[in-house]
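These notes are about the structure you will find just below.
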Amino acid sequence: MSRLFIRVRPRPRLLAGVTALVAVSLLAACGGGSDSVSPQAVATSTKVDLSGVTLRVADQVGQTKAILEAAGVLKDAPYKIEWSDFAAAAPLLQALRANAADIGPAGDAPILNAIGAGAPLKIVSVTRTAAKAVAVIVPKDSPIHTVADLKGKTVSPTTKGSVGHYLLLGALKEAGLSPGDVTISFLTPQAATAAFDSKQLDAWVTWDPYVALEEQKGATIIRDGVGISSGLGFTVASEQAAGDRIKRAAIADFLARQSKAFDWSNTNRADFAKLFASLTKLPEPVALAVANRRTVTSPPIDDTVIKDLQKAADVYTDAGVIDHKIDVAPYFLHSLAS
């Protein structure tokens, strides 16, 4: 996620870089972000000797590492960090399941698919990103002005189970429509860009920076995610790491530092935009639009968060993304404190 304009045939690694940084920024679809760490957990981490610990952090194309290093929050970490890179959430979660990593970021759909398949994972922190970063867009000069106007039209929610898919399902229901009232075309971001730009799609449900890129070309937002999308993202730990007192202390410390890094990105939007542009090769105006629309908060793991993920699980089950009902509550680790 070189440039993302489909006409210039973007290189896969840079496209993956955009996708990964969006996953860091959104974490729904898109999945990592600023994390909730209890004061008790942080206090516990300071009482444990972490000098001999190696924390294995799974990342998506190095984007989490880049933001943490740009914010300068890792300089005095009392443990070693071993980074590993993955192109998407699914292989990252597989690495956690295989105990090849300790923690990593992912969005709701990949996590739900993983735990639905029996992966013994624990959600150790939560992020909530502004839902404006996900939107239903229509091409320039489109006669479509509302979601209700999509009846009988062709829409891509990008990939199945993505934050775009979730928003489409919610927006159709809000407008009194069902998924059967539209033709749904699941496409990769690259393919969706080409189809949207050539007007083979009547609407595209996607996320930044794709929303910002298309706005630069004249696309219009007819519904953003506010009121539908939870904006939730998560950091997930392997069963082994979650069950180890020393590793839990290191994880708590890392999450506190990560939270500071995302606070930095919220309050230093121009600097974050420059970083975003340099990593993704996006035009700076697009990167700045993404930064200005993006705000990450760090809610605690509470009943509201659990209910929101349960709602997502139920929506995805009803839509056939997940093949059976999942009770998400047992997969949350409410405190990293011993």
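To the nearest 0.5 Å, atom OG1 of residue T193 and atom CD of residue E214 are 6.0 Å apart. Separation of atoms CG (L74) and CD (E69) is listed at 6.0 Å; rounding is to 0.5 Å. A distance of 4.5 Å separates CZ in R293 from CD in E215, rounded to the nearest 0.5 Å. The OG1 atom of T158 sits 14.5 Å away from the NZ atom of K160 when rounded to the nearest 0.5 Å.
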Next item on the list: Assess whether salt bridge (charged side-chain N to carboxylate O under 4.0 Å, His left out) is satisfied between K173 and D318, documenting all intermediate values.
Entry: CA-CA 13 Å; K173 183 177 180 179; D318 291 343; over 6 Å; no
Margin query: Determine whether V155 and V205 satisfy the following criterion, side-chain contact (heavy atoms from CB on, under 4.5 Å), listing intermediate values before the conclusion.
Written below: CA-CA 7 Å; V155 184; V205 194; 3.8 Å; yes
Notebook entry, point to check: Yes or no on side-chain contact (heavy atoms from CB on, under 4.5 Å) for V138 and W204, after CA distance, side-chain angles and deciding distance?
Noted result: CA-CA 7 Å; V138 295; W204 182 16; over 6 Å; no
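When only modelled atom types and interatomic distance are considered, R128 and T295 share no side-chain donor-acceptor pair under 3.5 Å. Residues Q240 and D244 bring no donor and acceptor atom of their side chains to less than 3.5 Å of each other.
In the hydrophobic cluster analysis, where Ile, Leu, Val, Met, Phe, Trp and Tyr join through side-chain heavy atoms closer than 4.5 angstrom, V53 is grouped together with W83. V73 and V296 fall within a single hydrophobic cluster, where Ile, Leu, Val, Met, Phe, Trp and Tyr are joined by side-chain heavy atoms under 4.5 Å apart, directly or via other members.
Between K153 and D202, none of the side-chain N atoms (NZ, or NE/NH1/NH2) sits under 4.0 Å from a carboxylate O, so this pair counts as no salt bridge. E174 and R223 are joined by a salt bridge, as a carboxylate oxygen and a charged side-chain nitrogen come within less than 4.0 angstrom of each other.
Ring centroids of Y316 and Y166 are separated by less than 6.0 Å, placing the two rings close together.
Judged by a 6.0 Å distance limit and a 45° cone about the ring axis, R294 is positioned over the six-membered ring of F272.
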